[in-house]
Amino acid sequence: ENPAAHLRAVLAWLAAVHGHEDDCRAHATAALARALGHRLGPAAGIASWALALLDLGAGRPAEARDRLAALAAAGPGESHPMVGIFSAADLVEAAVRTDEPATARQALDRLGTWAAHSGSAWGSALVARCRGLLDADDRQFADALATHARGGRPFDTARTELLFGERLRRRRRRADARRHLRAAHE
């Protein structure tokens with residue numbers, strides 16, 4: 001049942017990405033019931049991240065921020081340090097959306113430290129995206145997209161395109177926004 005808890009957590013994360021709220025909640029609940037009772041940190045962390053990602057996608061940034069902040073502070077048996085790092089970009093986004101730049105910067109520092117030490121191209125792309133969110137700097141988004149092109153991870157690339165497109169649309173740069181929003185959709 002321990003591997004099943006991990007797989008349920010992954011299914012919850014995938015359901016969150018697809019916006020399937022009922023499936024996400026069902027899988028996360030099942031994963032957390034086993035994971036927390038048996039101190040299976042990675043499974044518990046992924047299931048919690050899935051619920052936060054679901055909240056973020058459904059326009060509930062405060063709930064996402066609360067879940068992700070708890071995940072970042074979770075101890076052994078409640079999560080895993082890598083889940084906290086991998087979810088840090090989502091915490092930055094949720095914190096920016098709820099006007100909590102200090103929380104966002106703390107999460108960005110954790111992600112940035114890991115990305116610098118690991119040499120990960122996709123990690124560096126997420127750092128640039130997060131800097132773009134925090135600093136309202138279009139060049140950071142452009143850097144993120146250029147780095148994504150070298151590092152794979154199409155879902156993260158699409159999220160960066162979406163966030164950049166949303167930013168451009170809010171600035172009434174509709175033609176520029178359309179290109180990024182279309183790329184995110186595709």
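Note that the structure is a prediction, hence the values are computed from the model and not measured.
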Enquirer: In terms of hydrophobic clustering (I, L, V, M, F, W, Y; side-chain heavy atoms under 4.5 Å; direct or indirect links), are L126 and L134 co-clustered?
Expert: yes
Enquirer: How long is the span from the OG1 atom in T98 to the CD atom in E93, to the nearest 0.5 Å?
Expert: 10.5 Å
Enquirer: side-chain contact (heavy atoms from CB on, under 4.5 Å) between E100 and R65: does it pass, once the steps are laid out?
Expert: CA-CA 9 Å; E100 294 191 23; R65 180 209 55 231; 2.9 Å; yes
Enquirer: What orientation do W13 and F155 show, parallel under 30°, tilted 30 to 60°, or perpendicular over 60°?
Expert: perpendicular
Enquirer: Grab the two heavy atoms, one from A15 and one from C24, that are nearest each other, plus how far apart they are.
Expert: CB-N, 3.5 Å
Enquirer: Can you check whether L108 reaches L91 side chain to side chain, under 4.5 Å on heavy atoms?
Expert: no
Enquirer: Look only at the side chain of H80 and the backbone of M82, and say whether a donor-acceptor pair between them is shorter than 3.5 Å.
Expert: yes
Enquirer: Taking the side chain from R129 and the backbone from A89, do they hold a donor-acceptor pair closer than 3.5 Å?
Expert: no
Enquirer: Between the side chain of E78 and the main-chain N/O of G75, is any donor-acceptor distance below 3.5 Å?
Expert: yes
Enquirer: Would you call the rings of F141 and F164 parallel, tilted or perpendicular, taking 30° and 60° as the class edges?
Expert: parallel
Enquirer: With the side chain counted from C-beta on, respond yes when E161 and L181 share a heavy-atom pair under 4.5 Å apart, and no when they do not.
Expert: no
Enquirer: For the residue pair G84 and R110, what are the closest heavy atoms and their distance?
Expert: O-NH2, 4.1 Å
Enquirer: With the threshold set at 4.0 Å, does a side-chain nitrogen-carboxylate oxygen contact exist between D176 and R167?
Expert: no
Enquirer: Give the minimum heavy-atom separation between S79 and G45, together with the two atoms involved.
Expert: OG-CA, 3.4 Å
Enquirer: L7 and F86: same hydrophobic cluster, using ILVMFWY side-chain contacts below 4.5 Å?
Expert: no
Enquirer: Can you tell whether the side chains of R171 and E166 come within less than 4.0 Å, N to carboxylate O?
Expert: no
Enquirer: First locate atom CG of L53, then atom CD1 of I46, and finally report the distance between them rounded to the nearest 0.5 Å.
Expert: 12.5 Å
Enquirer: Quick check: closest heavy atoms across G112 and V127, and the distance to 0.1 Å?
Expert: CA-CG2, 3.7 Å
Enquirer: Return the CG to NE2 distance between D156 and H148, rounded to the nearest 0.5 Å.
Expert: 5.5 Å
Enquirer: Please determine whether residues V96 and L162 belong to a single hydrophobic cluster, defined as Ile, Leu, Val, Met, Phe, Trp and Tyr linked transitively by side-chain heavy-atom distances below 4.5 Å.
Expert: no
Enquirer: For residues S48 and R67, is any side-chain donor paired with an opposing acceptor at under 3.5 Å?
Expert: no
Enquirer: Which pair of non-hydrogen atoms, one from V92 and one from A104, has the smallest distance, and what is that distance?
Expert: CG2-O, 3.4 Å
Enquirer: Do other residues, nucleotides or ligands put more than 12 heavy atoms under 6.0 Å from R174 CZ?
Expert: no
Enquirer: Is the shortest side-chain heavy-atom distance between L133 and R97 below 4.5 Å?
Expert: no
Enquirer: A50 and A9: which non-hydrogen atoms are nearest, and at how many Å?
Expert: CB-O, 4.5 Å
Enquirer: Can L71 be reached from L14 by stepping across I, L, V, M, F, W or Y side chains whose heavy atoms are under 4.5 Å apart?
Expert: yes
Enquirer: Given L145 and H180, is the side-chain contact (heavy atoms from CB on, under 4.5 Å) satisfied, shown in steps?
Expert: CA-CA 10 Å; L145 290 170; H180 294 288; 3.7 Å; yes
Enquirer: Does atom CZ (R170) have a neighbourhood of more than 12 heavy atoms from anything else shown, all under 6.0 Å?
Expert: yes
Enquirer: For the CZ atom of R153 and the CZ atom of R159, what is their distance to the nearest 0.5 Å?
Expert: 11.0 Å
Enquirer: CD of E63: more than 12 outside heavy atoms within 6.0 angstrom?
Expert: yes
Enquirer: Decide whether L11 and V83 are clustered together by the hydrophobic rule: side chain heavy atoms of Ile, Leu, Val, Met, Phe, Trp, Tyr closer than 4.5 Å, transitively.
Expert: no
Enquirer: Go through the steps for L40 and E1 under the test side-chain contact (heavy atoms from CB on, under 4.5 Å), then give the verdict.
Expert: CA-CA 11 Å; L40 305 173; E1 287 194 36; over 6 Å; no
Enquirer: Got a second to check how far S120's OG is from L111's CG, nearest 0.5 Å?
Expert: 8.5 Å
Enquirer: Rounded to the nearest 0.5 Å, what separates atom CG in L54 from atom CD in E21?
Expert: 4.5 Å
